[in-house]
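Some notes on the structure that comes next.
Below, all heavy atoms of this structure are taken into account, side chains as well, without hydrogens, waters or symmetry copies. Reminder, nothing fancy here: chain letters follow the sequence lines and each chain counts from 1.
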There are 2 protein chains.
Amino acid sequence: MQKSAEVDATKEAVKRIFTEYLERKTQRKTPERFAILDEIYSKKDHFDVETLYVQMKNRNYRVSRATVYNTLDLLLDCGLVIKHQFGKNIAQFERAYGYRQHDHLICNMCNKVMEFCDPRIQQIQSMMGDLLHFNITHHSLNLYGSPKIDKDGKCMNCHKEVNIKKQ
Amino acid sequence: MQKSAEVDATKEAVKRIFTEYLERKTQRKTPERFAILDEIYSKKDHFDVETLYVQMKNRNYRVSRATVYNTLDLLLDCGLVIKHQFGKNIAQFERAYGYRQHDHLICNMCNKVMEFCDPRIQQIQSMMGDLLHFNITHHSLNLYGSPKIDKDGKCMNCHKEVNIKKQ
DNA sequence: TTCACTGCAAACGCTTTGCATATGG
DNA sequence: CCATATGCAAAGCGTTTGCAGTGAA
């Protein structure tokens, strides 16, 4: 119960932030927008637009792709969602509130995304901002690597058959 | 003359590397492939597929987009070219040989790409590789930021009119 | 001669756009 | 009420694919 109470608290918090943002920008507080926000904050994983869209369909919530894209733009703008491009042409998103700052390690074999943290990145970021006279708004650090493969040719991390994909 | 001698030396070196790679993989050494390699190593800037394609057309070198894509895959595979996705759906490429390792700062306003270097990234990379049991093959660190704007509303770095683009 | 490579154009897949309809303020 | 959002479908656009013709080995 503890866990779901936490989830609820987070959902309430982001709902408040989004409401405030929409009011400030004089944008409409439509049910679709809050349904999308809620869906995103129902899980921690990275997701792409199609996955989110299908998930909402499966929950019998009728939204169009256009609205999903539109709402994601708003959520990006108010910082509740982060957008990634892990080397391919499918944008990946993840929730940005109530979760520690982190970066990503992407498996060359199975494309699985892992997270890690290193304070030095923040240092580099602020140092380079000062040096080049920029206000750094965000960053993206991705490490790409191959895990060791066991004798059956399976990834030692995800334990799946290895099928190498092009970058 | 010094400068162009350097360029020539680099071009010779990459031609040798590519030749060796193609022979090792028993791929054909077609004139198109070498023309594309040469074109890429004629300038240091980042480029996208369309730019490269048009550039070759302008030099009256007849290549198809398909061949450009195909060749870029080969050049990526043998490490002579690096691919980037600076937050948008257009893949950006740059030469990878004879140029110091660096990362990028992208201007939120004009999308201009700047380069910087920090040894701590290498440290983070190898540390995380060890920690997560991965052989890190490469990384991508992008900082995104906004420059200060002068009183005419122009970017203080590129001095162009600011037109904010969506992430 | 042979088969991988090229050029061209059509297909693809993610994203954006246009327009009629619906609805929040 | 009316300006803005939504849904749907079509258009956009970078990239991939299929196929007939070409040329490296």
Exercise. Look at the rings of B/Phe47 and B/Phe93 and say which category their plane angle falls in: under 30° parallel, 30 to 60° tilted, over 60° perpendicular.
Key: parallel
Check the distance between [N]'s [atom2] and [X]'s [atom1] and give it to me in whole angstrom.
| X | N | atom1 | atom2 | result |
| --- | --- | --- | --- | --- |
| A/Leu22 | D/dA5 | CG | P | 9 Å |
| A/Asp48 | C/dG13 | CG | P | 14 Å |
| B/Asn89 | C/dT17 | CG | P | 13 Å |
| A/Tyr53 | C/dT15 | OH | P | 14 Å |
| B/Leu52 | D/dT15 | CG | C1' | 15 Å |
| A/Leu74 | D/dT4 | CG | C1' | 12 Å |
| A/Met56 | D/dT6 | CE | C1' | 13 Å |
| B/Arg65 | C/dA11 | CZ | P | 17 Å |

Practice problem: Quick one: do A/His102 and A/Glu94 satisfy side-chain hydrogen bond (donor to acceptor under 3.5 Å, both in side chains)? Show the steps, please. | Solution: CA-CA 11 Å; A/His102 61 269; A/Glu94 72 177 324; 3.1 Å; yes
Quiz item: Considering heavy-atom distances to DNA chain D, does A/Glu32 or B/Glu50 have its closest nucleotide positioned more toward the 5' end?
Solution: A/Glu32
Quiz item: With nearest nucleotides of DNA chain D determined for B/Arg28 and B/Ile90 from heavy-atom distances, which residue corresponds to the more 5′ nucleotide?
Solution: B/Ile90
Exercise. Could you check whether A/Asn70 gets within reach of a base, just the sugar-phosphate, or nothing at all, counting any heavy atom under 4.0 Å?
Key: sugar-phosphate
Would you please confirm or rule out a distance under 4.0 Å between OP1 or OP2 of [N] and any side-chain N or O of [X]?
| X | N | answer |
| --- | --- | --- |
| B/Thr30 | C/dC5 | no |
| B/Gln27 | C/dC5 | yes |
| B/Tyr69 | D/dT16 | no |
| A/Ser64 | D/dC8 | no |
| B/Arg33 | C/dC5 | yes |

Self-check item: Per A/Lys29 side chain, nearest of listed nucleotides D/dA24, D/dG7, C/dG25
Solution: C/dG25
Quiz prompt | Residue B/Lys57, side-chain heavy atoms: nucleotide from C/dG7, C/dC8, D/dC8 that is nearest | solution = C/dC8
Quiz item: Should we say atom CZ of B/Arg59 is surrounded by more than 12 heavy atoms from elsewhere, each under 6.0 Å from it?
Solution: no
Exercise. Would you sort out whether A/His46 and A/Gln92 count as a side-chain hydrogen bond (donor to acceptor under 3.5 Å, both in side chains), showing the intermediate values?
Key: CA-CA 6 Å; A/His46 301 86; A/Gln92 299 266 106; 5.6 Å; no
Practice problem: Check step by step if side-chain hydrogen bond (donor to acceptor under 3.5 Å, both in side chains) holds for A/Asn135 and B/Ser146. | Solution: CA-CA 5 Å; A/Asn135 300 315; B/Ser146 306; over 6 Å; no
